[in-house]
Amino acid sequence: MVEVKEEMERVPRALLVGEPGNDLQELKGLVLTLGYEIVQKLTLTRLEIHPAYGMGTGKAQEISDLAHNIEADCIIFDFNLEPRKQRNWEALSNLSCFDRQEVIIRIFASRALTKEAVLQVELARLQYSLPRLQHMNRDLSRQRGGAFGNKGSGETQLELDSRRVREKIQAIKKELLEVEVNRQTQRKSRDKYPSCSLVGYTNAGKSSLLNALTGADAFVQDQLFATLDPTTRKLPMNDGSAVLITDTVGFVSNLPHSLIDAFKSTLEEATFADLLLIVLDSADTAALEQYETVCKVLEEIGADKNPRMILLNKFDKAKEEAEENLQKLRLHFPEALCVSAKDQTGFDELKDKIYDTLLGAASEYIIPMHEMKLMSELKKAGCIESEEWLDDGVHITARATGRLLALLSPYIK
């Protein structure tokens, strides 16, 4: 019984295999987040177009032998492993073999808490596993007998499993449509406030920024994909109005399309935002490459046209540990703001820029007494920072954009 318990608690040991020129740092972070132990990393010198393994048979056997010599429990590839190649690798090595897509899906599955996140992850898992059913079930030749007089001998177990998976996919999609209707209703109730979304690479510090800016209690941990569900909070303003800020799921390079499709309604929070706050980890030397990944995902979900502002986060850490990298980013993004959730560096400037972008620059007006309707509209769709009632009217300092700004223009002080 003790041996069984030890075996269940044993941390899986992994051999990582990457394509030429890949240092495997990102895959390493993903695998560690999954809770696996990395025994060894191997970067290939070349990658051949080979139908069986994606490389020569000799090299594949060499990797298989290495995995057994270092007592690895699985081989994880940093490139897409097609279903057929996955089956070939598992037959060759007699070990579990999978790619970074499956690693990400497994991480998402371990992080899903709400009903929507659980459904989205399950949909992505089923879509990914459908063409891979054969490697998950060794006994696929079993047949279910047909009724007398029917053609053929019945369905194989693989056909039965495939049909069940397809039926489950359709059922989950139907449930997600209902959840999406609820999300759209919630979004409509928030339409009276301007909104912005925190977007960026996973572990760039978006949740920490949301907490520091708004006093939220979003889950924060130094690991990839710590949170999956979007969290929306109000950023209060002087007159009691607010701007909504939403923390979205983090991006990663080569994010599986099955996850993008499954998390479409969640990712749409960025699509509907009036302003995108793109958060970069200024202490990370790969920040520029991560920015390109973020832009690519934003384009895929149709949010690439939204106004955006770049935030160089973790400014306090970068000043101490990565000054050269910080200077490179500041040269590349001269309009970016340096911020820190830890000590709230740059928060006043950030709030001013958010207000200026979403609500316009602050100006002074004198509103006549017969235009109190305009004051009411300004409180709903704009921002009144100060007001003083005098004999000639109401003296205010306010922010407004669009049609409201045009209505206010005759009364500018």
Side-chain angles (χ1 to χ4, degrees), residues 183-199 209-216 230-248 268-279 303 305-311 335-339 341 344-413:
R183 181 177 290 278
Q184 288 173 354
T185 303
Q186 292 172 355
R187 193 180 292 123
K188 285 179 181 177
S189 69
R190 302 196 301 256
D191 278 350
K192 61 181 179 180
Y193 296 109
S195 65
C196 50
S197 286
L198 291 163
V199 297
L209 270 179
L210 179 74
N211 290 345
L213 280 167
T214 67
T231 303
T232 301
R233 294 291 183 270
K234 290 181 182 178
L235 179 62
M237 301 172 75
N238 295 341
D239 67 337
S241 61
V243 169
L244 297 181
I245 299 185
T246 299
D247 175 25
T248 60
E268 275 183 351
E269 292 295 330
T271 308
F272 289 104
D274 299 308
L275 174 66
L276 298 178
L277 301 177
I278 299 181
V279 183
K305 305 300 182 187
N306 299 44
R308 59 183 61 181
M309 188 187 303
I310 296 173
L311 309 181
E335 300 297 322
L337 293 181
C338 294
V339 297
Q344 300 197 0
T345 298
F347 273 28
D348 289 339
E349 187 180 0
L350 173 58
K351 289 178 182 178
D352 287 342
K353 283 212 168 189
I354 290 175
Y355 298 158
D356 290 347
T357 303
L358 296 179
L359 298 169
S363 299
E364 295 182 348
Y365 303 93
I366 301 176
I367 308 297
M369 294 300 180
H370 65 274
E371 286 288 1
M372 288 302 101
K373 184 179 178 181
L374 185 56
M375 285 285 291
S376 299
E377 194 169 346
L378 185 56
K379 287 181 179 180
K380 290 180 181 178
C383 170
I384 299 176
E385 294 188 348
S386 66
E387 63 180 275
E388 185 179 8
W389 292 67
L390 299 176
D391 293 339
D392 60 341
V394 185
H395 292 235
I396 64 171
T397 301
R399 298 173 184 269
T401 57
R403 183 187 68 86
L404 190 55
L405 180 62
L407 292 174
L408 285 169
S409 59
Y411 309 112
I412 194 164
K413 190 171 180 181

(request) Check the pair I396, E385 against side chain to side chain contact (heavy atoms under 4.5 Å, CB included), reporting the backbone distance first and the verdict last. (result) CA-CA 7 Å; I396 64 171; E385 294 188 348; over 6 Å; no
(request) For S197 and T246, run side chain to side chain donor-acceptor pair (under 3.5 Å): C-alpha distance rounded to whole Å, both residues' side-chain angles, the deciding distance at 0.1 Å, then the answer. (result) CA-CA 5 Å; S197 286; T246 299; 4.6 Å; no
(message) One pair to check against side chain to side chain contact (heavy atoms under 4.5 Å, CB included): T231 and T248. What are the steps and the verdict?
(response) CA-CA 7 Å; T231 303; T248 60; over 6 Å; no
(message) side chain to side chain contact (heavy atoms under 4.5 Å, CB included), that's the test. Do D356 and R399 meet it? Break it down for me.
(response) CA-CA 8 Å; D356 290 347; R399 298 173 184 269; 2.3 Å; yes
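Between the D274 side chain and the P194 main chain, no donor and acceptor come within less than 3.5 Å of each other. In this structure, the side chain of N306 does not engage the main chain of F272 through any donor-acceptor pair within 3.5 Å.
Summarising the geometry of A398 relative to L378, their closest heavy-atom pair is CB-CD2, 3.6 Å, with the distance given to 0.1 Å. Considering every non-hydrogen atom in both A270 and L276, the closest pair reads O-CD2, 3.4 Å. The two residues V394 and M372 have their closest heavy-atom pair at CG2-CE, 3.8 Å. Shown here for A273 and S195, the closest heavy-atom pair between the two residues is CA-OG, 3.7 Å. Among all heavy-atom pairs drawn from T214 and I245, the shortest one is CG2-CD1, 4.5 Å. Summarising the geometry of L235 relative to L213, their closest heavy-atom pair is CD1-O, 3.5 Å, with the distance given to 0.1 Å.
Note on R233 versus D247: no salt bridge recorded, every NZ/NE/NH1/NH2 to OD/OE distance being 4.0 Å or above.
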Considering only distance and modelled atom types, tabulate donor-acceptor pairs under 3.5 Å from the side chains of residues 357-367, sequence neighbours left out.
residue : atom : partner : partner atom : Å
T357    : OG1  : K353    : O            : 2.8

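Inter-residue side-chain proximity for C196 and V243 is flagged as met; some heavy-atom pair is nearer than 4.5 Å. Residues H395 and E387 form no side-chain contact, since every pair of their non-hydrogen atoms from C-beta on lies 4.5 Å or further apart. For the pair V339 and L209, the minimum side-chain heavy-atom distance is below 4.5 Å.
Considering OG1 of T397 and CD of E388, their distance stands at 10.0 Å, rounded to 0.5 Å. Atoms CD1 and CD1, on I278 and I310 in that order, are 5.5 Å from each other to the nearest 0.5 Å.
D392 CG: more than 12 foreign heavy atoms inside a 6.0 Å radius.
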